[in-house]
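Chain A is the first sequence line, chain B the second, and so forth, proteins listed ahead of strands; every chain is numbered from 1.
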Amino acid sequence: MSTKHASTEEAYRLMHEGMIALSEVEANGIRIDTKYLKKTRKKLQNERRQLLEEMREDDIYKVWRRRYGAKTNLGAGEQLANILFVEMGMGKTKLNLRTMKLKRDSDTLSKIDHPFVRKWQRAEKLRKCDSTFLGGIQNETCGDGLLHPVFNLHIPITYRSSSDSPNFQNFPVRDPEIGKLVRESFISRKNHQLVEVDYGAVEVRVAACYNEDPALIEYIKDPTKDMHRDMAAQCFMLKPKQVSKHARYSGKNMFVFPQFYGDFYAQNAFAMWNYIEEAKICVEGTEKSLYKHLKKQGIKKLGKCDPESQPVKGTFEHHIQQVERDFWGRRFKVYAKWKDRWWREYQKKGWAESFTGFRFSGVYRRNEIINYPIQGAAFHCLLWSLIELQKELRRRKMKTVIVGQIHDSIIADVHKDELEDYLALAKEISTKQIRKVWKWIIVPLEVEAEVSPLGGSWHDKKEYDLESLGA
DNA sequence: CAACAAAGCGCG
DNA sequence: AAAGCGCGCTTTGTTG
């Protein structure tokens with residue numbers, strides 16, 4: 001391997017300075033709309049109460065009541081599973097043989113077509129939103145309206161960070177409705193606006209630094225190429241032009257990323273099939289569902305997706321197996337070789353080391369020892385940038401404060417007169433300066449920015465064109 | 001009553 | 001051969 005690695009001393013220094021920088025972030029705090037919290041929690045609780053009332057009118061509730069009597073609890077998933085799967089024999093689920101409990105996660109329940117189950121799922125979603133997120137924020141917000149989430153560097157075995165009290169790193173965003181409800185709680189200080197700067201595909205870029213796969217590097221360097229679109233096209237047997245936004249999303253999050261993290265075809269096929277069935281994904285520019293399109297291409301069924309049995313020809317599972325074979329055997333074969341080499345080296349030495357000088361020693365599984373140094377080093381790019389950005393804000397006596405960090409993004413409360421300076425600075429540090437210090441970064445880095453309007457909330461953030469900043 | 005484990009789910 | 005990973009938080013249900 002190259003000599004471009006950081007030393008253990010440098011790794012220590014990064015942790016030391018990182019912890020100091022993050023403690024400043026923590027001290028800064030993020031402003032909370034406490035009135036909005038109160039109002040919204042009440043609203044959620046009312047809607048949930050309404051749903052529970054309606055559920056008590058359903059015949060399923062009668063069965064529930066007969067089975068559980070005074071112990072009946074409409075919030076207990078275990079009870080629900082027993083009612084649906086044992087008492088009423090609706091649908092199928094799996095039994096955990098160790099604990100003898102029935103599975104009742106949202107994928108399982110979604111397959112049961114009944115209004116009672118829909119209401120139950122909705123009620124649970126509202127409860128999680130209310131108690132974990134809004135409640136968590138409310139309980140930790142100080143009298144001055146500032147929230148000070150804690151950031152840790154000494155906990156994750158990957159050498160990433162974690163956050164608690166409350167966890168600032170898992171506020172909803174994928175579900176638009178819940179994301180809005182929660183993120184409207186976060187507002188800017190007076191004359192400030194919330195700004196989120198995040199690295200684009202930093203894990204993939206850092207992975208490319210380790211494996212030096214020419215095909216992967218080409219995808220990163222050539223802006224006209226799009227790996228996720230291409231993989232979606234291959235998975236769904238489309239031309240690249242026929243790949244819709246949703247199809248690309250599926251290719252990215254249900255094939256490419258899981259594959260990079262060591263998942264395997266059966267799980268990918270299962271997830272993608274469910275997604276196109278439920279979300280009714282179409283061939284781009286037409287009304288034709290992907291489901292139908294695949295049927296026309298000779299793929300009529302999903303397949304068993306059981307790791308024990310070989311996939312049957314003509315199933316989606318079999319097709320995705322072929323795509324996987326092509327992915328590692330042809331497209332990214334240098335990456336595949338690197339993974340084998342990395343694993344063998346680790347088995348020989350008993351440890352592996354990240355580019356950033358952090359050592360992973362102890363017992364790891366194959367996927368872990370391959371992923372952690374990538375995941376860790378990707379976060380260290382963010383941490384390094386945060387440290388330097390913080391230093392520069394202080395040096396320039398700026399009013400802008402960094403208020404949070406989410407693995408590959410930095411959230412700041414930026415003074416209205418400092419917006420352009422801040423964005424230019426953040427971009428310069430995190431894409432240019434870092435590469436002068438860490439020579440192991442052999443591919444370009446990119447950042448994207450989202451800015452919320454003055455007086456707006458974290459939810460109101462809009463894409464900001466960094467190109468418009470000029471040199 | 002407190003302490004704990006398990007399940008589930010939010011994010012990257 | 002194996003078949004993603006890491007976190008934090010809440011609720012339920014059990015145990016002592």
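- Listed in residue order, the members of residues 116-123 of chain A having a heavy atom less than 4.0 Å from DNA chain C come to none.
- Between A:Tyr265 and C:dA3 there is no side-chain polar atom (N or O) within less than 4.0 angstrom of OP1 or OP2.
- A:Leu126 has its CG atom 15 Å from the C1' atom of C:dT10, to the nearest Å.
- For the pair A:Trp120 (side chain) and A:Leu74 (backbone), a donor-acceptor distance under 3.5 Å is present.
- Base pairing analysis places C:dA3 opposite nothing; no Watson-Crick or G-U wobble pair with both distances below 3.5 Å involves it.
- Residue A:Pro258 is out of contact with every strand shown, counting any heavy-atom pair closer than 4.0 Å.
- With salt bridges taken as basic N to acidic carboxylate O contacts below 4.0 Å, none links A:Arg13 and A:Glu10.
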Polar pairs (N or O, both sides) under 3.5 Å between protein and nucleotides 1-3 of chain B?
none

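- Residue contacts for A:Ser161: at a heavy-atom cut-off of 4.0 Å it reaches no nucleic acid atom on any strand shown.
- When rounded to the nearest whole Å, the span between CG of A:Leu95 and P of B:dA6 equals 16 Å.
- The aromatic rings of A:Phe327 and A:Phe255 sit perpendicular, their planes meeting at an angle over 60°, well past the 30° parallel limit.
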*Could you check A:Glu196 against A:Trp458 for side chain to side chain donor-acceptor pair (under 3.5 Å), going step by step and ending with a plain yes or no?*
CA-CA 9 Å; A:Glu196 185 163 356; A:Trp458 194 12; 2.8 Å; yes

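- As a whole-Å value, the separation of A:Asn371 CG from C:dA3 P is 13 Å.
- In this structure, A:Lys339 forms no cation-pi arrangement with A:Trp342, as its terminal cationic atom is not both closer than 6.0 Å to the ring centre and no more than 45° off the ring axis.
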_Using a 4.0 Å heavy-atom cut-off to protein, can you give one letter per nucleotide of nucleotides 7-12 of chain B, 5' to 3': B if the base is in contact, S if only the sugar-phosphate is, - if neither?_
SBBBBB

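- Rounded to whole angstrom, the span from the CD atom of A:Glu317 across to the C1' atom of C:dA3 amounts to 12 Å.
- Between A:Lys43 and A:Asp130 no salt bridge is recorded (no basic side-chain N to carboxylate O distance below 4.0 Å).
- A salt bridge is absent between A:Glu78 and A:Lys71: the closest approach of a Lys/Arg side-chain nitrogen to an acidic carboxylate oxygen does not fall below 4.0 angstrom.
- Between A:Ser131 and C:dT11 there is a side-chain N or O to OP1 or OP2 distance below 4.0 Å.
- Using a 4.0 Å heavy-atom cutoff across all strands shown, A:Phe379 reaches no nucleic acid atom at all.
- Between the side chain of A:Gln405 and the backbone N or O of A:His407 there is at least one donor-acceptor pair closer than 3.5 Å.
- In this entry C:dG13 has B:dC4 as its Watson-Crick or G-U wobble partner, both defining distances falling under 3.5 Å.
- Ion pairing of A:Lys348 with A:Glu345 is present here, as a side-chain N (NZ or NE/NH1/NH2) and a carboxylate O approach within less than 4.0 Å.
- The only option from A:Thr315, A:Asn268, A:Leu294 that meets the side-chain contact (heavy atoms from CB on, under 4.5 Å) definition with A:Trp273 turns out to be A:Leu294.
- The interatomic distance linking A:Trp328 (CH2) with C:dA3 (C1') rounds to 14 Å, in whole Å.
- Remark: P of C:dA2 and CG of A:Asp340 are 15 Å apart, rounded to the nearest angstrom.
- Whole-Å rounding puts the A:Ile370 CD1 to C:dA2 P distance at 15 Å.
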*Full working for ring-ring contact (aromatic ring centres under 6.0 Å, His included) between A:Phe355 and A:Tyr210*: CA-CA 8 Å; A:Phe355 274 134; A:Tyr210 281 98; 4.1 Å; yes

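- Between A:Leu74 atom CG and C:dG13 atom P the separation is 12 Å, expressed in whole Å.
- With hydrogens and angles disregarded, no donor-acceptor distance shorter than 3.5 Å links the side chain of A:Ser161 to the backbone of A:Asn152.
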